[in-house]
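The shown structure was predicted, so the numbers you read here are calculated from the model rather than taken from an experiment.
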Amino acid sequence: RCMQIAGSRAVTNMGTAEFEGFYATRTKKDIRTGFCFNLTDVTTEKVLAMMPAIDTIMPLLKSFKGLVNCEIAATASLDTCMNLVMPSINGVMRLGGENLIMSDNKVFSDLAKKLHFKNTRSGKIDKMTVEGVIKDNTLEVFPFVVELDRYTLALSGLQHLDLSYKYHVSIIQSPLVFKVGIDLFGPDYNKMKFKIGRPKYKNRHVPVFTAQIDQTKINLLESIRGIFEKGVDMAIRENERQEAILKHKEEIGYVNAADQQLEELTAEEQKQLEDAQEEPDSSLTTEVADSTSIITEVKDTLNNEQSGIH
């Protein structure tokens, strides 16, 4: 038995929602679904209220305040209460917004203190788009660039559905005298550890998967609209293969930065740290002076790492 839902659209003063999908059941223990769900100009709170599974897939979302656009296209199994069985989800997602505020988050506050943000309690993001693929109980976040405080950051990572994670953050523009990279990891966001080394991304030109995300979404949407001709099993198998994304990874030799070894700072970079701290120029501007205090934090972190402290 299979039910198709096509062309559903709701427009409210709280945003717009669009949904297409199928629901198929053979037995009470074999219930499957495929769907494309878009939310436009909706608050992050409403996104989490309408799709509670997003909190597991992307737990950092609740730290953002503002209007976002959210797209998710996936297949999954359902339990008898119509809840998504999280390990079974296979699909793609995109989350974006403008004029977002990030606050009430340990990851942000820890980084803000280490890097001497002007405001260590909250940060404004003018524009951000995050894309990723959900497979094998993990959301793989593809590289994206964001401007925050006085910094331009390039990020990517792996968010596991058990809440453990590992991300890499490359600081590609900042008051620092040179660029650094930070690996963040832990079993959850209350037990974050980090390592500092060389950046894995050197500039804004990071690998992009936008076209492949779009193609994967279009393929699933076509399967949903032709579900009675194609069949549920074939639709799910095709979506799980994620061919467009895998092909692009192979073509560009892509490996997520979170899975790459973090290079240590070179001797010259270490020397720059020492010189900047020991021989400050009396004509330094406030911003450069700030970089010296940041350097002190970085050196302390490096010393702690060498002592086995995170």
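- Gln212 approaches Thr216 most closely through the heavy-atom pair O-OG1, 2.8 Å.
- Side-chain contact of Tyr201 with Ser156: a donor-acceptor pair under 3.5 Å is present, judged by distance alone.
- The residues Lys135 and Glu140 are annotated as not salt-bridged, no charged nitrogen and carboxylate oxygen being separated by less than 4.0 angstrom.
- The minimum heavy-atom distance linking Ser77 with Arg32 is given by the pair OG-CG, 4.1 Å.
- Here the side chains of Leu78 and Leu84 are in contact, with some heavy-atom distance below 4.5 Å.
- Comment: Asp183 does not engage Lys166 in a salt bridge, judged by the lack of any side-chain N to carboxylate O separation of less than 4.0 angstrom.
- Taken from NZ in Lys46 to SG in Cys70, the straight-line distance is 15.0 Å, to the nearest 0.5 Å.
- Listed for the Ser170 side chain is no donor-acceptor partner under 3.5 Å among the backbone atoms of Ile172.
- Although no hydrogens or angles enter the test, the distance criterion places a donor-acceptor pair under 3.5 Å between the side chain of Lys200 and the main chain of Gln260.
- Side-chain atoms of Ser8 and Glu20 form no donor-acceptor pair, as typed in the model, at a separation below 3.5 Å.
- Residues Arg1 and Tyr23 are not in side-chain contact: their nearest non-hydrogen atoms beyond the backbone lie 4.5 Å or more apart.
- Checked for salt-bridge contact, Arg198 and Glu264 miss the test: no charged N lies under 4.0 Å from a carboxylate O.
- Interatomic distance, Gln173 CD to Thr152 OG1, rounded to the nearest 0.5 Å: 4.0 Å.
- Defined by atom type and a distance below 3.5 Å, a donor-acceptor pair is present between the side-chain atoms of Asn219 and Gln215.
- At distances below 3.5 Å, not a single donor-acceptor pair connects side-chain atoms of Asp149 with backbone N or O atoms of Tyr151.
- Side-chain contact annotation: Asn239 with Thr75, donor-acceptor N/O pair under 3.5 Å present.
- Between atom CE of residue Met3 and atom OG1 of residue Thr33 there is a gap of 8.5 Å, rounded to the nearest 0.5 Å.
- Residue Glu251 qualifies as enclosed at atom CD: its count of foreign heavy atoms under 6.0 Å is above 12.
- Residues His160 and Tyr165 have side chains not in contact (no heavy-atom distance under 4.5 Å, counting atoms from C-beta outward).
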Does the pair Asn203 and Lys179 meet the rule for a side chain to side chain donor-acceptor pair (under 3.5 Å), with working shown?
CA-CA 10 Å; Asn203 51 49; Lys179 301 173 183 178; over 6 Å; no
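- For Ile89 against Ala76, the heavy-atom pair with the smallest separation is CG1-CB, 3.9 Å.
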Run the numbers on Met51 and Ile72 for side chain to side chain contact (heavy atoms under 4.5 Å, CB included), then give the verdict.
CA-CA 10 Å; Met51 287 200 70; Ile72 181 167; 3.8 Å; yes
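- Ile54 and Met128 fall within the same hydrophobic cluster, defined by Ile, Leu, Val, Met, Phe, Trp and Tyr side-chain heavy atoms under 4.5 Å apart, directly or through other members.
- Separation of atoms CD1 (Ile5) and SG (Cys36) is listed at 12.5 Å; rounding is to 0.5 Å.
- Note on Asp79 versus Lys29: no salt bridge recorded, every NZ/NE/NH1/NH2 to OD/OE distance being 4.0 Å or above.
- In terms of hydrophobic clustering, with Ile, Leu, Val, Met, Phe, Trp and Tyr side chains grouped at heavy-atom distances under 4.5 Å, Leu221 and Phe35 are assigned to different clusters.
- In this structure, Glu45 and Lys65 have side chains that are in contact, with non-hydrogen atoms separated by less than 4.5 Å.
- Under the ring-ring contact (aromatic ring centres under 6.0 Å, His included) criterion, Phe209 pairs with Phe142, His248, Tyr254, not counting sequence neighbours.
- Looking only at atom types and distance, the side chain of Thr138 has no donor-acceptor partner in the side chain of Asp136 under 3.5 Å away.
- Residue pairs that meet the salt bridge (charged side-chain N to carboxylate O under 4.0 Å, His left out) test with at least one member in residues 80-90, sequence neighbours left out, do not exist here.
- The same ILVMFWY cluster, assembled from side-chain heavy atoms under 4.5 Å apart, contains both Leu148 and Leu184.
- At least one donor-acceptor pair under 3.5 Å links the side chain of Asn90 to the backbone N or O of Ser88.
- Checked by atom type, the side-chain pair Asn256/Lys249 shows no donor-acceptor distance below 3.5 Å.
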Could you walk me through whether Leu155 and Val141 pass side chain to side chain contact (heavy atoms under 4.5 Å, CB included), step by step?
CA-CA 8 Å; Leu155 306 87; Val141 179; over 6 Å; no
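- Taking Ile, Leu, Val, Met, Phe, Trp and Tyr as members and joining any whose side-chain heavy atoms lie under 4.5 Å apart, directly or through other members, the hydrophobic cluster of Phe22 also contains Leu220, Ile224, Ile227, Phe228, Val232, Ile236.
- The side-chain heavy atoms of Leu39 and Asn69, taken from C-beta on, include no pair separated by under 4.5 Å.
- In this structure, the separation between OG1 on Thr16 and CZ on Arg9 is 5.5 Å, given to the nearest 0.5 Å.
- Put simply, Ile182 and Ile125 are part of the same group of oily side chains (I, L, V, M, F, W, Y) that touch within less than 4.5 Å, one to the next.
- For the 3.5 Å distance criterion, the side chains of Ser223 and Lys230 qualify, holding a donor opposite an acceptor.
- Met50 CE: more than 12 foreign heavy atoms inside a 6.0 Å radius.
- Put simply, the side chain of Val92 does not reach to within 4.5 Å of the side chain of Arg94, judged on heavy atoms.
- Grouping the Ile, Leu, Val, Met, Phe, Trp and Tyr side chains by contacts below 4.5 angstrom, directly or via other members, places Tyr167 with Ile171.
- Looking at Ile252 and Pro207, their side chains come closer than 4.5 Å, going by heavy atoms from C-beta outward.
- In this structure, Lys127 contributes its side chain and Glu98 its backbone to no donor-acceptor pair below 3.5 Å.
- Side-chain contact check for Ile57 versus Met86: some heavy-atom pair is nearer than 4.5 Å.
- Side-chain N or O atoms of Thr44 include one that pairs as donor or acceptor with a backbone N or O of Phe64 at under 3.5 Å.
- With respect to the salt-bridge test (charged N to carboxylate O, under 4.0 angstrom), the residues Lys124 and Glu147 do not qualify.
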Could you check Asp188 against Lys191 for side chain to side chain contact (heavy atoms under 4.5 Å, CB included), going step by step and ending with a plain yes or no?
CA-CA 6 Å; Asp188 58 55; Lys191 299 175 182 178; 3.8 Å; yes
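- The two residues Leu67 and Leu100 make their nearest non-hydrogen contact at O-CD2, 3.6 Å.
- When all heavy atoms of Val206 and Ala154 are compared, the pair lying nearest together is CG1-CB, 4.0 Å.
- To the nearest 0.5 Å, the span separating CD on Glu222 from CD on Glu238 amounts to 9.5 Å.
- Scanning both residues, Thr56 and Leu163, for their nearest heavy atoms gives O-CD2, 4.4 Å.
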Would Lys62 and Asp55 count as a side chain to side chain contact (heavy atoms under 4.5 Å, CB included) if you check the C-alpha gap in whole Å, the side-chain angles of each, and the deciding distance to 0.1 Å?
CA-CA 7 Å; Lys62 58 178 170 284; Asp55 190 31; 3.0 Å; yes
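- Counting only distance, with no hydrogens or angles, the side chain of Glu71 and the backbone of Leu95 share no donor-acceptor pair below 3.5 Å.
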